[in-house]
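To start, the structure itself, in structure tokens.
Being a predicted model, the structure only gives us computed values, none of them experimental. Below, chains carry the letters A, B, ... as their sequence lines are ordered, and counting in each starts from 1.
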Protein chains: 2
Amino acid sequence: MRIVTWNVNGIRAAIRKGLDEFVERIAPDILLLQEVRAFEEQLPKGWKPGMDETVWNPAEKKGYSGTATWANREFVEIGRGMESSLDRDDSEGRIIHTKHPFANTSLHCINIYLPSGSNKEERQLYKEGWIEDLLNWAQRFTDHDEPVLLCGDLNIAHTENDIWNPSGNRFTSGFLPQEREWFSRLLASGWHDLFRIKVGEQKGPYSWWSNRGQARAKDRGWRIDYVLANAAALPMLASAEIMREGGLVVSDHAPVIIDLAE
Amino acid sequence: MRIVTWNVNGIRAAIRKGLDEFVERIAPDILLLQEVRAFEEQLPKGWKPGMDETVWNPAEKKGYSGTATWANREFVEIGRGMESSLDRDDSEGRIIHTKHPFANTSLHCINIYLPSGSNKEERQLYKEGWIEDLLNWAQRFTDHDEPVLLCGDLNIAHTENDIWNPSGNRFTSGFLPQEREWFSRLLASGWHDLFRIKVGEQKGPYSWWSNRGQARAKDRGWRIDYVLANAAALPMLASAEIMREGGLVVSDHAPVIIDLAE
DNA sequence: CTTGGTATG
DNA sequence: CATAACAAG
């Protein structure tokens, strides 16, 4: 069972650049896309995603944010946003929660596109409120009997190993002390960073590189795309990879690929 | 003496597409550019126009309209807009009037970028007011002892020979009856359409093609770029050409080339 | 530096 | 359909 998360940075541009071929090559069972920046009806006429089923959660604002979850497995349940009494507005289309048949149980895939705080102070404050809500909301899944994956572009590099230039980015949104501390609390609350578990503590690899300068060529990146698992999902981990070369032509993010033993 | 008028549809894009090589090939003595859509300081660092002297008249609004006149001859006089007591505002950078040494007299080159009326009713009304002012203002040059050229993108096709589909464009801005009638009045007031004089009455050729569809490949164009001459300039006409192929890669307009015998 | 929206032609 | 400004990342 292959789960892939990928920030495609505009699905229309990604399609022009060969998204379909990459999806065919990666062959995910479930594909979690972030930053689609389109409504479904804006996609090229006649174009079809190369997977059986799709769920879309675009932002209300045109060309902005938005998520989509594609699957070759049935969707048993579909939810958007943080479904709860303490509902945080999801008009930016940042969460899709789907449930799929998996072995003799069900697998939950929570597709997350966490707000960026790099543009304005106001957006950083929005991000910091948002992640607190996410932490609280996600808590309900950690002790779940069924396996749950919390995946996506979390827009935060956790440790100094997750960023090429830690000291130079101490004051940069995405590597602020309070964001890294939040990430530690998220893991302490019962989520497991599958990629880090698989590769162990080491410098890199990264999943995102700025478009400015020669950041990607010089591998001056950040690891901000994650697959986190609850305790029930953890034993199923078979392999974890950041497809560093694969995504190169399609997006400024690389796809993160997790295989689960069914 | 070679005078060239060319709507470059964004000089920065034109430079990327090889404007410099075309200018070198065409070798104008005086080059009248319209729709430069840039301030001089926005041009690529280190880039130099391939001619000795330049005069710029950008619009106040960034990325919009604007004219420039380049020359390998001295500028004896430089004016912008319709210089007169009845001054019409030239904040859109639509007129440059230059005077150059020529034989034993001087040549006046009036570089015009006439407003388009195709976007909004309000702009069509602006255009219709503007052309009346232009007709009045230009009147002062017709009886001038020195040769005067009134050149540029006039955004009006005069006769049915100047447009590929006259009947289909009866209600299109640029071929409206009142615009064509204005053009007739302009010619009646003492201006001579040098290109038409040289090639005679015939269908086409055109100087502008829409970017939509295959208009240029199908030669579905308009002749809206002109060099008009007063009586003093008329006897100097040596040749007139629309460089249909030359401009192809650079702009949606072709350069119009006039050679005058000195 | 890149996407995508919008205004303008 | 193309240029360029802009907002966002």
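- Residues that satisfy the ring pair (Phe, Tyr, Trp, His ring centres under 6.0 Å) test with A/Phe183, not counting sequence neighbours, are A/His158, A/Tyr226.
- Contact of A/Arg123 with D/dG9 (side chain to base): no donor-acceptor pair of N or O atoms is detected under 3.5 Å.
- No side-chain donor-acceptor contact under 3.5 Å links B/Asn155 and B/Ser116.
- Among the nucleotides C/dG9, D/dG9, C/dT6, the one closest to any side-chain atom of A/Asn119 is D/dG9.
- Between B/Lys120 atom NZ and C/dA7 atom C1' the separation is 8 Å, expressed in whole Å.
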Without placing hydrogens or testing angles, list every side-chain donor-acceptor pair under 3.5 Å for residues 10-17 of chain A, not counting sequence neighbours.
unit_1  : atom_1 : unit_2  : atom_2 : d
A/Arg12 : NH2    : A/Arg37 : O      : 2.8

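- Look at CH2 on A/Trp208: it is 13 Å from P on C/dT2, rounded to the nearest Å.
- With D/dA4, C/dA7, C/dT2 as the choices, the nucleotide that has an atom nearest any side-chain atom of A/Asn211 turns out to be C/dT2.
- Taking atom CD of residue B/Glu92 and atom P of nucleotide C/dA7, one finds them 17 Å apart after rounding to whole Å.
- For the ring pair (Phe, Tyr, Trp, His ring centres under 6.0 Å) test, no residue two or more places apart in sequence or in another chain qualifies with B/Trp209.
- By the 6.0 Å and 45° rule, A/Arg88 stacks over the aromatic ring of A/Tyr126.
- Toward the 5′ end of DNA chain D lies the nearest nucleotide of B/Gly213, the other residue of the pair A/Pro115 and B/Gly213 mapping further downstream.
- When each of A/Arg212 and A/Arg16 is assigned the nucleotide of DNA chain C bearing its nearest heavy atom, the one mapping closer to the 5' terminus is A/Arg212.
- Among D/dG9, C/dA7, C/dG4, the nucleotide with an atom closest to any side-chain atom of A/Ala13 is C/dG4.
- Shown here are the side chain to side chain contact (heavy atoms under 4.5 Å, CB included) partners of A/Gln214, two or more places apart in sequence or in another chain: A/Ala217, A/Lys218.
- Scanning residues 37-51 of chain A for heavy-atom distances under 4.0 Å to DNA chain C yields A/Arg37, A/Gln42.
- A/Lys61 has a side-chain polar atom (N or O) that falls below the 4.0 Å cut-off from OP1 or OP2 of D/dA8.
- Remark: C1' of D/dC1 and NE2 of B/His253 are 13 Å apart, rounded to the nearest angstrom.
- Taking atom CD1 of A/Ile224 as the reference point, atom P of D/dG9 lies 12 Å away to the nearest angstrom.
- With distances taken from any side-chain atom of A/Lys62 to the nucleotides C/dG9, D/dG9, C/dT6, the minimum falls on C/dT6.
- A straight line from OH of B/Tyr64 to C1' of C/dT6 spans 15 Å, rounded to a whole angstrom.
- Here D/dA2 presents its P atom at 16 Å from CG of B/Asn7, a figure rounded to the nearest Å.
- Taking atom CD1 of residue A/Ile15 and atom C1' of nucleotide C/dT3, one finds them 14 Å apart after rounding to whole Å.
- Residues forming a side chain to side chain contact (heavy atoms under 4.5 Å, CB included) with A/Glu181 (at least two apart in sequence, or on another chain): A/Arg185.
- Relative to the side chain of A/Lys17, the nucleotides C/dT3, C/dG9, D/dG9 differ in distance, and C/dT3 lies closest.
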